[in-house]
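Comments concern the structure below.
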Amino acid sequence: MKPRPWLAAALGAGCLILLAPDTAMSATTQARKRADIPAEYRWDFTPIYADWAAWERGLAELESKMDAFAARQGTLARGAQSVLDAYRAYDDIGRLQYLVYRYPQLQRDVDMADQQVAARFQRVGAVFARFDAATAWFTPELLKIPEPTMREWIAATPGLAPYRFPILDQYRRQAHVLDEAGERLLALAGPLDRAPGRIYQELSTTDIVFPTVTLADGASVKLTPAAYHALLEKATRQDDRAAAAAAFVGNYGKTVHTYAAVYEALLQRDWYLAQARRFGSTLEAALHADAIPTAVVETLIEATRAGTAPLRRYLRLRKRMLGLASYHLYDGFVPLVRSERSYPYETARELTLAALAPLGEDYLARYRRFVAGGRIDVYESEGKRSGAYSAGVYGVGPYQLLNHNDTLDAVFTFAHEGGHAMHTVLSHEHQPFVTSDYTIFVAEVASTTNERFLLEHMMARESDPRERFLLLQHAVDQIVGTFYTQVMFADFELQAHRLVEQGKAVTPEVLDAIYLGLLKDWYGDAVEIDDFYARTWARIPHFFNSPYYVYQYATCFASSAQLFAAMTGGDEASRRAATTRYLELLASGGNDHPMEQLKKAGVDLTRRETLQAVIDQLDALVARMEDEAARLR
């Protein structure tokens with residue numbers, strides 16, 4: 001069966017956890033009342049449902065179709081038509097799932113205080129959970145049909161052609177599928193599987209007490225996450241930054257034994273599920289669904305560890321420009337150059353459209369339709385969630401959340417999310433429903449490619465050394481945050497999971513030692529590593545909510561770097577061919593395994609050279625920064 005549509009909710013910049021300031025997501029502009037924002041800058045929900053009454057009818061229809069689908073148990077062996085009818089019925093359910101899920105989810109995100117919407121959203125989750133348990137029979141029953149027989153049915157039944165890849169992929173996974181009773185037990189355990197993430201959420205948001213720090217001038221600041229980032233960015237005294245970092249990161253040490261117990265529960269859960277499905281490791285289990293070799297992650301970590309020299313070069317440049325005797329992680333928030341230039345939303349939109357001209361008029365025409373109004377929630381408002389994301393609604397189109405605050409980062413966030421939106425548009429246009437969802441493994445390719453087009457467009461038209469430096473710094477910070485930091489996180493996750501696989505203890509001291517060792521290995525002598533940063537693992541939501549996820553940011557970034565180089569280098573014919581391959585990648589949805597999709601586009605992530613290209617790119621960008629810094633002086 002195809003992935004559930006609510007998994008796509010995570011796609012977008014909002015799910016990327018960086019240990020650097022993200023001004024586009026922590027805007028200092030005053031939040032306004034939603035009713036005061038013109039309609040063209042707010043979401044229009046009516047293309048999904050006209051009103052809540054229509055949504056209630058949709059939910060009732062969904063439950064009816066789910067009951068009817070469950071009644072198909074025992075019918076698949078009757079022949080090709082029974083299999084086809086089941087897949088078509090599941091597609092009908094999937095289309096409805098998009099609608100009944102997105103309608104409350106999107107409205108919740110623009111008014112987190114509305115408890116009626118929150119309650120409706122919870123109802124959807126409960127319905128989906130019941131469906132998972134009630135349909136656990138499907139895959140085991142399908143796999144009782146011999147694969148040669150299924151291939152014959154597919155060949156003789158034109159209606160099954162769109163389902164060929166997902167059906168045969170079930171046979172690839174067959175060794176790790178349990179019998180009906182086993183699958184039902186694992187499905188029933190779903191709420192328990194989600195328990196570590198829920199406990200972490202409450203511990204880190206609801207129950208956490210943020211510390212207060214007194215600065216050198218006597219001012220007291222309560223260090224909420226937004227206030228902490230703002231202080232590190234604006235504080236001119238290094239001792240104030242040091243005090244804030246020690247208080248904020250050290251605050252997690254007050255409950256570190258609880259964090260460690262929650263994380264150990266998650267690690268044990270992952271190892272239990274891997275063993276239940278007969279995998280040799282948690283990494284193998286996490287990668288199997290998308291047919292990703294474990295060597296991809298292991299090589300990614302190895303190659304990036306060996307390529308930290310440009311990262312250290314950048315940190316030494318920061319140290320020199322800030323005039324610091326010693327450089328610490330908390331100094332990474334201080335701007336090297338400040339600018340008063342403003343980028344209103346309309347400017348961001350026009351810059352992005354102009355930058356993406358090399359992708360062709362067909363692409364631009366679709367993009368103009370998307371940004372015309374009603375599909376992008378632009379500005380911060382009271383009760384709206386922070387961050388940014390793009391959320392697909394099959395049959396309707398993508399919806400994009402922003403919190404635009406007229407900064408340079410906000411321009412790149414707009415371009416980034418536009419990449420996700422157009423990936424969704426092209427996938428949904430060109431693929432049948434069953435293969436319309438692209439995998440997370442390729443999700444960040446389109447978004448980071450858009451950002452690279454925007455960077456080069458803005459650099460080409462910018463002559464002010466200060467603004468050029470800021471653009472280059474943005475590009476460098478993206479590589480540091482999207483590639484290096486995420487690979488370091490992946491390194492931590494792999495080491496932590498191997499603890500339980502080897503029967504070793506998971507204690508705060510053990511986790512602290514792993515994370516502190518990584519910081520010292522990756523940053524070397526370019527940074528003075530303060531001991532309190534050992535507790536950073538406790539404040540990374542991805543570790544607790546989505547294990548073995550973050551490495552995909554790095555692989556997507558490496559892929560987009562190679563694709564961009566092919567689309568902008570060489571002769572005109574080779575550029576056109578590369579662009580065609582790229583657009584075909586975006587239109588391919590989930591019709592093949594993601595590694596194969598990328599190979600068709602010209603990217604082979606099994607080759608170390610693909611990863612080395614990002615490392616070389618960072619080195620070249622830092623060299624350009626050094627040149628621009630000399631002009632500034």
Side-chain angles (χ1 to χ4, degrees), residues 1-4 7-8 10-11 15-16 139 165-166 168-178 183 186 193 197 266-305 435 437-445 482-483 486-502 540 542-560 585 588-601 603-608 610-611:
M1 288 299 180
K2 66 187 292 299
R4 298 290 186 223
L7 294 178
L11 300 181
C15 63
L16 176 56
T139 301
F165 172 71
L168 295 183
D169 198 48
Q170 294 293 343
Y171 288 93
R172 179 186 66 84
R173 306 185 194 187
Q174 187 167 14
H176 305 289
V177 176
L178 308 184
E183 289 295 330
L186 291 184
D193 294 343
L266 180 143
L267 298 173
Q268 295 288 359
R269 177 205 69 187
D270 290 353
W271 183 220
Y272 156 71
L273 290 172
Q275 292 178 97
R277 292 198 177 278
R278 300 182 288 270
F279 288 104
S281 69
T282 54
L283 180 63
E284 182 188 356
L287 304 187
H288 179 73
D290 290 331
I292 308 296
T294 57
V296 168
V297 175
E298 293 163 344
T299 302
L300 174 68
I301 293 172
E302 178 188 344
T304 312
R305 269 180 168 268
T435 55
D437 276 348
Y438 47 87
T439 63
I440 294 171
F441 192 82
V442 298
E444 297 294 335
V445 171
T482 308
F483 188 78
Q486 305 308 314
V487 179
M488 187 178 72
F489 286 171
D491 198 347
F492 174 85
E493 286 191 296
L494 186 57
Q495 291 190 47
H497 277 84
R498 284 176 173 170
L499 291 174
V500 298
E501 293 171 11
Q502 298 165 5
I540 308 300
H542 271 318
F543 291 166
F544 295 84
N545 296 327
S546 47
Y548 290 128
Y549 180 102
V550 293
Y551 84 93
Q552 295 169 109
Y553 287 115
T555 53
C556 282
F557 195 91
S559 300
S560 65
L585 169 67
S588 65
N591 68 2
D592 203 346
H593 297 126
M595 291 279 289
E596 293 304 312
Q597 290 176 311
L598 288 170
K599 282 182 180 178
K600 293 171 189 175
V603 178
D604 186 352
L605 286 168
T606 65
R607 296 173 61 86
R608 195 181 179 113
T610 304
L611 307 173

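Keep in mind that this is a model prediction, so the values were computed, not measured. Throughout, numbering of the chain's residues begins at 1 and tracks the sequence.
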Whether Glu298 side chain and Pro293 backbone form a donor-acceptor pair below 3.5 Å: no
Nearest heavy-atom approach of Ile292 to Val296 is CG2-CB, 4.0 Å
Which atom names give the shortest non-hydrogen contact between Ala274 and Ala285, and what distance separates them? CB-CB, 3.8 Å
Please report the shortest heavy-atom distance between Gly589 and Gln597, naming the atom on each side. O-NE2, 2.8 Å
Within the side chain of His497, is there an N or O that forms a donor-acceptor pair under 3.5 Å with the backbone of Glu493? yes
Go through the steps for Thr606 and Thr299 under the test side chain to side chain contact (heavy atoms under 4.5 Å, CB included), then give the verdict. CA-CA 8 Å; Thr606 65; Thr299 302; over 6 Å; no
At what distance, to the nearest 0.5 angstrom, does CG of Leu267 lie from CG of Leu499? 7.5 Å
Report yes or no: does Thr610 contribute a side-chain atom to a donor-acceptor pair with the main-chain N or O of Asp604 at less than 3.5 Å? yes
Heavy atoms from other residues, nucleotides or ligands near OH of Tyr272 exceed 12 (cutoff 6.0 Å): no
Can you check whether His288's main-chain N or O pairs, donor with acceptor, with Arg172's side chain at less than 3.5 Å? yes
Residues Cys556 and Ile440: closest non-hydrogen pair is SG-O, 4.0 Å
Run the ring-centre check on Phe489 versus His542 and record whether the distance is less than 6.0 Å. no
Using atom types as modelled and distance alone, determine if a side-chain donor or acceptor of Gln275 lies under 3.5 Å from a backbone N or O of Trp271. yes
Distance col, row Lys599:NZ vs Glu596:CD, nearest 0.5 angstrom, shows 5.0 Å
Rounded distance [0.5 Å steps], CZ in Phe441 versus CE in Met595: 5.5 Å
Over all atoms of both residues, closest heavy-atom pair of Arg608 and Ala303: NH2-CA, 3.4 Å
With a 4.5 Å heavy-atom cut-off, do Tyr171 and Gln174 have their side chains touching? yes
Taken to the nearest 0.5 Å, the spacing of Thr439 OG1 from Asp290 CG works out to 5.0 Å
Residue pair Tyr551 / Leu287, side-chain heavy-atom distance below 4.5 Å: yes
Is it the case that over 12 heavy atoms from other parts of the model lie below 6.0 angstrom from the CZ atom of Arg607? no
Can you check whether Tyr549's main-chain N or O pairs, donor with acceptor, with Gln552's side chain at less than 3.5 Å? yes
Quick one: does any side-chain atom of Ser588 pair with a main-chain N or O of Asn591 as donor and acceptor, under 3.5 Å? no
Would you mind reporting whether Val442 and Ser559 have side-chain heavy atoms less than 4.5 Å apart? no
Check whether any side-chain heavy atom of Leu605 lies under 4.5 Å from a side-chain heavy atom of Leu598, and answer yes or no. yes
I'd like to know if the side chain of Arg173 and the backbone of Ala289 have a donor-acceptor N/O pair within less than 3.5 Å. yes
With a 3.5 Å distance limit and no angle check, can you tell me whether Arg278 reaches the backbone of Val177 through a side-chain donor-acceptor pair? yes
All heavy atoms of Val487 vs all of Ile301, minimum pair found to be CG1-CA, 3.8 Å
Measuring from Leu494:CG to Thr282:OG1, what's the distance to the nearest 0.5 Å? 7.0 Å
To the nearest 0.5 Å, tell me how far Leu585 CG sits from Asp592 CG. 11.0 Å
